[in-house]
Amino acid sequence: MGHKPLQKWQRKTNNSLRIAQVYLNQSNKRLDIPYDYTIPEELQDQIKPGIRVAVYFGKGNRLIEGFVVGLRDHTDFKGTLRPVQRAIDSEPIVTPEQLNLCQWMTQTYVSLFYETLALFTHPVKVSLHPGRSQKESAEHLVAYADCEKVYTLTALGEQAETKGKVMRQILALLAHRDYTESEMNHLLGSVAASRRNLLQKGWISVSEKAIEASSRVGATGSDVRLTDEEEKTYQHYLKLKKPGSPAFFYWKNRTSQFRLYLKLAQRVCRQGRSAVIILPEVDLSLKYQELFYNTFGDQGGIYHGRLKQKERYHLFEKVRRGQIQVVLGSRAALFLPFLNLSLIVVDEEMDASYYSPSNPHFNVRDVAGKYAKICGAELIVSDQLPSVEAYQAIHTGRMVAFGKWNPLVFPALELVDMQAEIKSGHLDFISRRLGDAIEQTLDHGQRSLLMLNRLGYDTYVFCRDCGYVERCPDCQVAMKTTRQGILRCPYCGREKRLPRHCPQCGSPRFRPMGLGLDRAVEVLKKRYKGIGILKIDARAIADSGGFSKMNKIIGQNNHSIIVGTRAMVRAFDYGNVGLSAALLIDGDLNNNHYDSAQRMTQLYSRFFALSQGKALAQTYEPENETLLGLACGNVRLYYSGELNYRKALGYPPFGHLFFFTVFGNQAAQVKKDCWQLYHLFLSQRGQEEWMVYKPSATGVRPGTGETQWQLVIKTKEKKKLSEAMGQLIRKGAIEKLPSKVAMAMDPVMG
DNA sequence: AGCACGCCGACT
DNA sequence: GTCGGCGTGCTC
């Protein structure tokens, strides 16, 4: 049936595209290229890009899973092609745009195709290991019913009054719209008992709702209302945004910024297109979920690592079918199968959580940039203080900036020279200036925030006379004291008693050096008896029951002094803060990475901005340029300094750094292999394009305890280096090394 | 000569 | 990964 011309055309394409290009699900980098397979007549209609297939491969005739990335009418392969055995999926599990991005990432980050693919298909669980794969994964695709439980308020329930707090919350929620079980759980916590109660009373009803394709256009939720200033920025953006170039939004205030995102996403959603808003931490998404759901109703979805597999799958399906058009979430949200994606927002672009520390090693900010180009979507990145890369992009016109340029909004920073403090006979780590400031703040009934970005008790133990440092005999890492008198290796946990005299020269001046958070807390508690002191670090947050629980504890206002690590600058509500002080800023000034100045400036400008009164930093390096830049509040100076330094040394955005980590159990072999890799890159064609640093031992691999060596390559031509790496891999040169090799481009440390 | 073993390269 | 091919060197 149907029109003749169309049939003819169809037959023609089918006949000419009889070859499928297939990536195999296997873990050998050398084999990670598309292989050609013929498509048998009976599979013609089923095989298309984006579906998984089963194919025979190798002499052993193993049946393994593969992924179709393209169809063609000819092959360059000299031998005979084998046929595709069968199709695993009935329809593509990724969109054409996703497939494009997936291939780009595989090339750019030199990862396995299936490793990258897993990012896109995580909710449907593409199997990663061959052998048991075919059956299992086919089952996974139908493992979840395409429907979920939805709760509705009944007529009876609309009139109902109850004293139950949770029940009242549920009724209030459902008065707005219907909610699914998982949505409700994430908004209110585990409320199954109250829900059952309400069902019994007949105030709410439950139904199974199928996930189905939707052709609906226009958000069901309420309009986003902006303040005058926000509206101005919004209109400004609509007028001046340039198609194809990303936009940067200067950040003023978290909620204000979020409202802007909602407004922008709503505009897109009402045109029947999709949008994704990426935030750095789950807790931020959860904090804003109510506002978000009020705006987008059931066309919105929140996606993050805490969802259960089934919830992930439901959300994935709804996005795939166009039922959900706007997603708020963590970096993983970018990889959902959006239809017509036309807006990507990356909030707080500098956040370390945007960097994926396992394969493929990518930064979601960069991937979002590429994806926006592929989809023709608008890209918005945002932060209080633009990264040096973003600043450069703005000033060379590759990026357009919006909002008010006002990044360092904190009280004038006072630097306290601790060296001078010691010379004048004051040995306490709380200088007289800081002591005065804390007491003054207490008198005003305000809160003091003290930051020390260093865990533990002390830093390390060394001899004042001969400089001997006590190191772990196994790991060669400087040992730290945990509590007084005990040394502990931060890598392997080995403990030993602290010697009274230097083991090398016998001097009694063999003492702990530096200050750790635990000692700071101990000393502060002694000094400010009767005053509530709260410690905040990643551990303390987890122990208290998570971010929102900790935020509640802070909100109770029982603590006038809060001491902590960088975890303090997470989105807590501190209320009336009279003082933000860095107990010792030096540890963050130089941490051996090209972007340490940037990270330091970012972290501390946020921290100081928490204070409405004083800002103060104690340091032994009062002449440090980065620190002076922060103190004088001259942002332009900071950026021009950073840009000069990076340009001179070829660091991002003027060049790229590739880190190779070679690791394994045989220390000698690891060293040998790292040097081998060094020579390989030196002798590779095109080597004038890059600079290879000499290998260096980087201690022990955390977790496994394997020996680890590092090779760093700097290049202005990252594409050429990627190509050279591809060649080495295809030759099998890297695979051949007995040690394992991991690669990361422009990694984010810590 | 015949065979065991280990290394290497190919796999569409 | 897993197989076949090939060279080496040992044994009958």
Side-chain angles (χ1 to χ4, degrees), chain A residues 14-44 46-89 92 99 102-103 106-107 110-118 126-138 358-360 663-666 668-669 672-673 676-677 679-680 683-684 724-743:
Chain A
N14 279 348
N15 282 341
S16 55
L17 299 175
R18 280 174 159 277
I19 290 165
Q21 298 181 282
V22 179
Y23 268 103
L24 302 171
N25 180 15
Q26 53 78 47
S27 53
N28 188 334
K29 275 211 166 93
R30 279 177 80 183
L31 304 184
D32 207 36
I33 51 166
Y35 288 89
D36 291 343
Y37 281 85
T38 56
I39 306 170
E41 191 64 40
E42 67 275 16
L43 292 180
Q44 281 299 322
Q46 291 174 54
I47 309 291
K48 44 195 129 168
I51 72 154
R52 290 175 292 166
V53 290
V55 294
Y56 283 107
F57 184 72
K59 299 262 157 65
N61 252 6
R62 300 134 70 205
L63 186 65
I64 60 178
E65 184 190 311
F67 190 89
V68 180
V69 292
L71 301 178
R72 42 197 319 212
D73 58 0
H74 70 284
T75 180
D76 304 325
F77 183 59
K78 306 276 183 324
T80 37
L81 300 187
R82 300 163 96 178
V84 170
Q85 217 52 35
R86 64 184 180 87
I88 292 174
D89 304 301
L99 183 51
C102 183
Q103 285 178 284
T106 302
Q107 265 167 36
V110 206
S111 57
L112 289 170
F113 180 85
Y114 255 77
E115 264 171 354
T116 318
L117 182 67
V126 162
S127 55
L128 260 171
H129 300 287
R132 18 189 178 130
S133 62
Q134 321 88 5
K135 247 203 207 153
E136 243 179 43
S137 47
S358 59
N359 269 337
F663 57 101
N665 282 319
Q666 262 107 359
Q669 187 69 53
K672 203 179 132 202
D673 290 344
Q676 171 91 39
L677 200 61
H679 290 297
L680 273 172
S683 60
Q684 188 72 7
M725 278 164 61
Q727 275 174 31
L728 284 178
I729 287 166
R730 242 155 283 129
K731 268 201 292 182
I734 294 177
E735 204 82 14
K736 234 184 267 175
L737 302 175
S739 313
K740 288 166 270 186
V741 181
M743 199 284 305

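Lettering of chains follows the sequences in order, A, B, ..., and the numbering in each one begins at 1. Small disclaimer: the values here were computed from a predicted structure and weren't measured. What's counted below: heavy atoms across the whole structure, side chains too, no hydrogens, waters or symmetry copies.
In terms of position along DNA chain B, the nucleotide closest to A:Arg30 lies nearer the 5' end than the nucleotide closest to the other residue of the pair A:Arg30 and A:Pro83. Positionally, the nearest nucleotide of DNA chain B for A:Lys736 lies more toward the 5' end than for the other of A:Lys736 and A:Ile33.
Chain A approaches DNA chain C over the interval C:dG1 to C:dC3, counting the first and last nucleotide 5' to 3' with an atom under 4.0 Å from its heavy atoms. On the nucleic acid side, DNA chain B contacts chain A at distances under 4.0 Å to non-hydrogen atoms, with the end points of that region at B:dC11 to B:dT12.
Nucleic acid contact class of A:Leu81 (heavy atoms, under 4.0 Å, all strands): sugar-phosphate only. Using a 4.0 Å heavy-atom cutoff across all strands shown, A:Tyr37 reaches sugar-phosphate atoms only and no base atom. Among the atoms of the strands shown, base atoms are found under 4.0 Å from some heavy atom of A:Gly58.
The ring pair (Phe, Tyr, Trp, His ring centres under 6.0 Å) check on A:Tyr37 picks up nothing, with sequence neighbours excluded. For A:Asp32, the salt bridge (charged side-chain N to carboxylate O under 4.0 Å, His left out) test picks out no residue, with sequence neighbours left out. The side-chain hydrogen bond (donor to acceptor under 3.5 Å, both in side chains) check on A:Arg82 picks up A:Asn61, with sequence neighbours excluded. With sequence neighbours left out, A:Lys736 forms a salt bridge (charged side-chain N to carboxylate O under 4.0 Å, His left out) with no residue at all.
Ring geometry for A:Phe113 versus A:Phe67: interplanar angle of 30 to 60°, hence tilted.
Under the 4.5 Å side-chain criterion, counting only non-hydrogen atoms from C-beta, A:Gln46 is not in contact with A:Val53.
Across every non-hydrogen atom of A:Asp673 and A:Pro738, the tightest pair is OD2-CD, 3.3 Å.
Annotation for A:Glu735: atom CD counts as buried by contact number, over 12 foreign heavy atoms lying within 6.0 Å.
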